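Notes for the one structure printed next.
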Amino acid sequence: AEREITVCEYAADGVQAVKRVADSGAKVCILDIEMPNMSGLEALPRLLAAKPGLKVIMASTLTERGAAVTLRALQLGAVDYLPKPTAGRLGAAEDYRRELLAKIRQFAPRAPQPPSTRLAQTMPPSAPGSQFAEAFVVASSTGGPQALGDLMEGLGGDWMAPVLIAQHMPAQFTRTLAEMLGRRTPLRVKEAADGEPIVARTIYVAPGGYHLTVRRSAGGAPIARLDQGPEVNFCRPSADPLFTSAAEIWGDRLLAAVLTGMGHDGRDGAEAVRRGGGQVLAQDEATSVVWGMPGAVVAAGAADQILPLNGIGPAAIKLARVRVA
């Protein structure tokens, strides 16, 4: 039993859920995708209309179809998702319970936090005229799929630098995420492959279950490397290995952004980017679904700018000196 969590309603299908949620005290709803009478995808907009402010977490299957439906649900207003436990895997049920409780807690109402003053106290001014992004690395987690779509769309068709993304997602989901992002931008979007060259006008999504890092080929060109080493910050892919390795390759010509997400993945990597002379943008609290990851970067004094989501693309364009017609 979890004393701070009260189950106020159960529903056998989407029809019951919509009827019961309006008069309930629910703050968070766990919504299955596969249900009789009304599917989770059909019920989602009705639930949000019946209970404004309700935080909906989708329970999904680890399949290609499950990934596509889940990402569609995130576009429609769900705040997060949780893959159902794999049958037969030792400890799967307990892992699912632990992750579910963590996700419920992160959306519990909290008292507003005072704005951080750490940035102004610790950030030295950037050297004028030293920025010219040759690569852009991005980290995201909870709320990330929609935020990434908005950001990639905001970069526009004239964006040149390669973009490398670490989004916390399982394997089937990152493939679908790459396809979704490809519909939001004229740039090429793909899951990264081990050993492939990192080239301009291409967005590389770290595959679920793999860390994505950057190394130099024998000829000195940047290439993608994938590995299934230990999780970092309980994540694989993790932003920290990506950011740290990219800082070693591009130094002061690297741009990084840390978007909405739970935890502090990306904080240490952002500090590595800063030490290498690169620039770090952090999404602000008001536009983040969860201000864990960007908030950790800000608290560490590793953000050059704290921006609303719709301001990150324009800031990146300005730093990269991409001329927009």
Side-chain angles (χ1 to χ4, degrees), residues 5 7-11 13-35 37-61 65-84 99-100 102-110 112 140-154 167-170 172-174 176-185 259-262 283-294 308-313:
I5 299 174
V7 178
C8 59
E9 285 287 355
Y10 291 97
D13 58 36
V15 175
Q16 287 185 10
V18 173
K19 289 179 179 178
R20 293 176 181 179
V21 73
D23 297 326
S24 75
K27 305 296 183 184
V28 180
C29 173
I30 312 303
L31 183 62
D32 202 334
I33 289 175
E34 303 293 342
M35 296 187 296
N37 300 320
M38 182 186 291
S39 72
L41 202 59
E42 293 173 303
L44 175 60
R46 293 173 170 85
L47 287 168
L48 296 175
K51 188 79 171 180
L54 182 70
K55 307 298 185 183
V56 179
I57 300 172
M58 305 300 296
S60 61
T61 55
R65 180 181 179 277
V69 174
T70 300
L71 287 171
R72 177 59 180 155
L74 294 174
Q75 291 177 315
L76 290 173
V79 293
D80 205 355
Y81 70 96
L82 183 62
K84 296 177 183 178
E99 189 173 357
L100 176 61
K103 288 178 181 292
I104 291 172
R105 289 189 183 101
Q106 78 178 340
F107 294 116
R110 294 181 177 88
S140 55
S141 184
T142 307
Q146 187 62 35
L148 287 169
D150 291 349
L151 174 56
M152 296 305 108
E153 189 174 275
Q167 161 71 39
H168 301 161
M169 275 187 159
Q172 293 88 342
F173 285 65
T174 50
T176 305
L177 174 64
E179 295 170 357
M180 183 195 82
L181 295 178
R183 295 191 287 270
R184 301 285 301 272
T185 173
L259 307 182
T260 174
M262 182 172 66
Q283 186 175 351
D284 69 3
E285 185 170 12
T287 63
S288 295
V289 174
V290 177
W291 206 54
M293 286 167 50
L309 179 60
N310 63 8
I312 294 177

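Predicted model, so just to flag it, every value in this text is computed and none were measured.
- Here the CG-CE distance, from L82 to M58, works out to 11.5 Å after rounding to the nearest 0.5 Å.
- In this structure, T176 has no side chain to side chain donor-acceptor pair (under 3.5 Å) partners at least two apart in sequence or on a different chain.
- Looking only at side-chain heavy atoms (C-beta outward), M169 and L71 come within less than 4.5 Å of each other.
- Rounding to the nearest 0.5 Å gives a distance of 5.0 Å between CE of M262 and NZ of K103.
- Of all heavy-atom pairs spanning A11 and R20, the tightest one is CA-NH1, 3.8 Å.
- With rounding to the nearest 0.5 Å, the separation of CG in L41 from CG in L76 is 5.5 Å.
- Of the charged side-chain nitrogens involved, at least one lies within less than 4.0 Å of a carboxylate oxygen, so that E34 and R65 count as a salt-bridged pair.
- Among pairs with a residue in residues 47-58, none fulfils salt bridge (charged side-chain N to carboxylate O under 4.0 Å, His left out), at least two apart in sequence or across chains.
- Nearest heavy-atom pair, P294 versus L259, reported as atom, atom and distance to 0.1 Å: CD-O, 3.2 Å.
- Atom CG in L47 sits 13.0 Å away from atom NZ in K19 (nearest 0.5 Å).
- Pairing each heavy atom of L74 with each of P145, the nearest pair is CD1-CG, 3.7 Å.
- The line from CG of L44 to OG of S39 is 9.5 Å long, rounded to the nearest 0.5 Å.
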For this session: Let me see the working for V21 and C29 under side-chain contact (heavy atoms from CB on, under 4.5 Å), right down to the final yes or no.
Result: CA-CA 9 Å; V21 73; C29 173; 5.6 Å; no
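- Minimum heavy-atom separation, T260 to T142: OG1-O, 2.7 Å.
- I57 contributes atom CD1, which lies 6.5 Å from atom CD of Q106 (distance to the nearest 0.5 angstrom).
- In this structure, the side chains of D150 and N310 stay at 4.5 Å or more apart for every pair of heavy atoms.
- With contacts defined as side-chain heavy-atom distances shorter than 4.5 Å, the pair M38/D13 does not qualify.
- Taking every heavy atom of both residues into account, Q167 and L148 meet most closely at OE1-CD1, 3.7 Å.
- Between T61 and V69 there is no side-chain heavy-atom pair separated by less than 4.5 Å.
- Closest non-hydrogen pair, D80 versus F107, comes out as CB-CE1, 3.9 Å.
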